[in-house]
Amino acid sequence: TSAIIGAYFFAVASVALLLFVNRVRATIAEAEGVRPIFSPFIFGSGVILAASVVVLATTLAVVPAGIKFGDLNAPENSDIVRFLPQIGFGMFLVLGMIPWCFGMLTIAYASMRFNVFPSWFNWLTLLCALLLFLAALFFPIIALGVWLIASLLLLPLDGLYAT
């Protein structure tokens, strides 16, 4: 049951992530002007990260949900239960995080170029992006949390749904 509830939290978190990335995209797009170059890439990398979060949630909850709601028997081979979450973590930490690292590098570059965010935040973004390239080791994933907290302090919540 906890895995299923956790999957719902992951799904809600992915929507919140998309709202957040859209706000960052809008802020950069406003600075870019009429012909945005960086902001679409930032949003695209955020979409890939959010999709990888959903895949992670699915792989964590698919077996428990099948047993709980689908009246399926527990898998006879425990390998599926061991490897399915590893597929999800691989999707998130490698296939989701690497595009997001490039998205963060793009945020830092666009912010430096158009003077969007303070320089300390730009340097923090660069540092966190470089650490997140090692996210498959899992511990550098803490850098994502640090960056998200710092960026939430900078982005006003009004205009969260900016286009």
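Bear in mind the structure is a predicted one, so any value in this text is a computation, not a measurement.
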Q: With respect to Y109, which candidate in F38, F102, F117 satisfies the ring-ring contact (aromatic ring centres under 6.0 Å, His included) definition?
A: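 Output: one option passes, namely F38.
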
Q: How long is the straight-line distance from CG of L84 back to OG1 of T58, given to the nearest 0.5 Å?
A: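 These two atoms lie 9.5 Å from each other.
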
Q: Quick one: which of W147, F41, F133 gives a ring-ring contact (aromatic ring centres under 6.0 Å, His included) with W100?
A: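 Of the listed residues W147, F41, F133, the ring-ring contact (aromatic ring centres under 6.0 Å, His included) partner of W100 is W147.
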
Q: Just verifying a value: how many Å separate L17 CG and N22 CG, rounded to the nearest 0.5 Å?
A: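 Interatomic distance, L17 CG to N22 CG, rounded to 0.5 Å: 11.0 Å.
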
Q: How long is the span from the CD1 atom in I42 to the OG1 atom in T27, to the nearest 0.5 Å?
A: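 Answer rounded to 0.5 Å: 9.5 Å.
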
Q: When you compare the side chain of V47 with that of V21, does any pair of heavy atoms fall below 4.5 Å?
A: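 No, their side chains stay 4.5 Å or more apart.
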
Q: If the condition is ring-ring contact (aromatic ring centres under 6.0 Å, His included), which residues does F83 pass it with, not counting sequence neighbours?
A: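 With neighbours one apart ignored, the set is empty.
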
Q: Apply side-chain contact (heavy atoms from CB on, under 4.5 Å) to residues M112 and W123 and explain how you reach the verdict.
A: CA-CA 9 Å; M112 289 177 184; W123 289 109; 4.1 Å; yes

Q: Determine, using the 4.5 Å side-chain heavy-atom cutoff (strictly less than), whether L18 and V54 are members of one ILVMFWY cluster.
A: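 No; tracing contacts between hydrophobic side chains, which count when under 4.5 Å, never links both residues.
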
Q: What closest approach, in Å, do A11 and S14 show between heavy atoms, and which atom pair accounts for it?
A: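 Looking at all heavy atoms of both residues, the closest pair is O-OG, 2.7 Å.
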
Q: What pair of heavy atoms forms the shortest contact from L56 to T59, and how long is it?
A: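 What the structure gives for the nearest pair is O-OG1, 2.8 Å.
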
Q: Compare all side-chain heavy atoms of F92 with those of V55 and state whether any distance is below 4.5 angstrom.
A: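 Not touching, per the 4.5 Å side-chain cut-off.
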
Q: How long is the straight-line distance from OG of S151 back to CG of L124, given to the nearest 0.5 Å?
A: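 Here the rounded value is 9.0 Å.
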
Q: Rounded to the nearest 0.5 Å, what separation is found between the CE atom of M97 and the CE atom of M91?
A: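 That separation rounds to 12.5 Å.
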
Q: Can you give me the closest heavy-atom contact between G103 and S45, atom names plus distance?
A: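 Heavy-atom minimum between the residues: CA-OG, 3.3 Å.
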
Q: For the pair S39 (side chain) and I28 (backbone), establish whether a donor and an acceptor sit closer than 3.5 Å, ignoring hydrogens and angles.
A: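 The answer is no, because no donor-acceptor pair under 3.5 Å joins these two groups.
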
Q: Quick check on the hydrophobic clustering: are L148 and F43 connected, directly or via other members, by side-chain heavy-atom contacts under 4.5 Å?
A: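 Shared cluster, yes.
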
Q: Search all heavy atoms of P85 against all heavy atoms of L60 and return the closest pair with its distance.
A: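 So the two residues come closest at CB-CD2, 3.6 Å.
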
Q: V12 versus Y8: any side-chain heavy-atom pair under 4.5 Å?
A: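 Contact flag for V12/Y8 side chains = no.
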
Q: Which atom pair, heavy atoms only, marks the closest approach of G96 to L49?
A: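 So the two residues come closest at O-CD1, 3.7 Å.
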
Q: Do F9 and F20 share a hydrophobic cluster, counting only Ile, Leu, Val, Met, Phe, Trp and Tyr and linking them when any side-chain heavy atoms are less than 4.5 Å apart?
A: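 No, separate clusters.
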
Q: Might you work through the side-chain contact (heavy atoms from CB on, under 4.5 Å) test for E32 and I37, ending with a clear yes or no?
A: CA-CA 8 Å; E32 285 183 292; I37 297 170; 3.8 Å; yes

Q: Contact between M104 and L132 at the side-chain level, heavy atoms closer than 4.5 Å - yes or no?
A: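 In contact.
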
Q: Does I107 belong to the same Ile/Leu/Val/Met/Phe/Trp/Tyr cluster as I48, with side-chain heavy atoms less than 4.5 Å apart forming each link?
A: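 No, I107 does not connect to I48 through the hydrophobic network.
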
Q: Hey, any chance I5 and V15 share a hydrophobic cluster, counting ILVMFWY side chains that come within less than 4.5 Å of each other, even indirectly?
A: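 No, I5 and V15 fall in different hydrophobic clusters.
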
Q: Identify the two heavy atoms, one from V116 and one from A31, that lie closest to each other, and give their separation to 0.1 Å.
A: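 Residues V116 and A31, closest heavy atoms: CG2-CB, 3.4 Å.
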
Q: Going by heavy atoms in the side chains, are L95 and S52 under 4.5 Å from each other?
A: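 They are not in contact (no side-chain heavy atoms under 4.5 Å apart), so the answer is no.
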
Q: Quick check against the 3.5 Å criterion: does S111 have a side-chain atom that pairs as donor or acceptor with the backbone of A108?
A: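 Checked: no pair found.
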
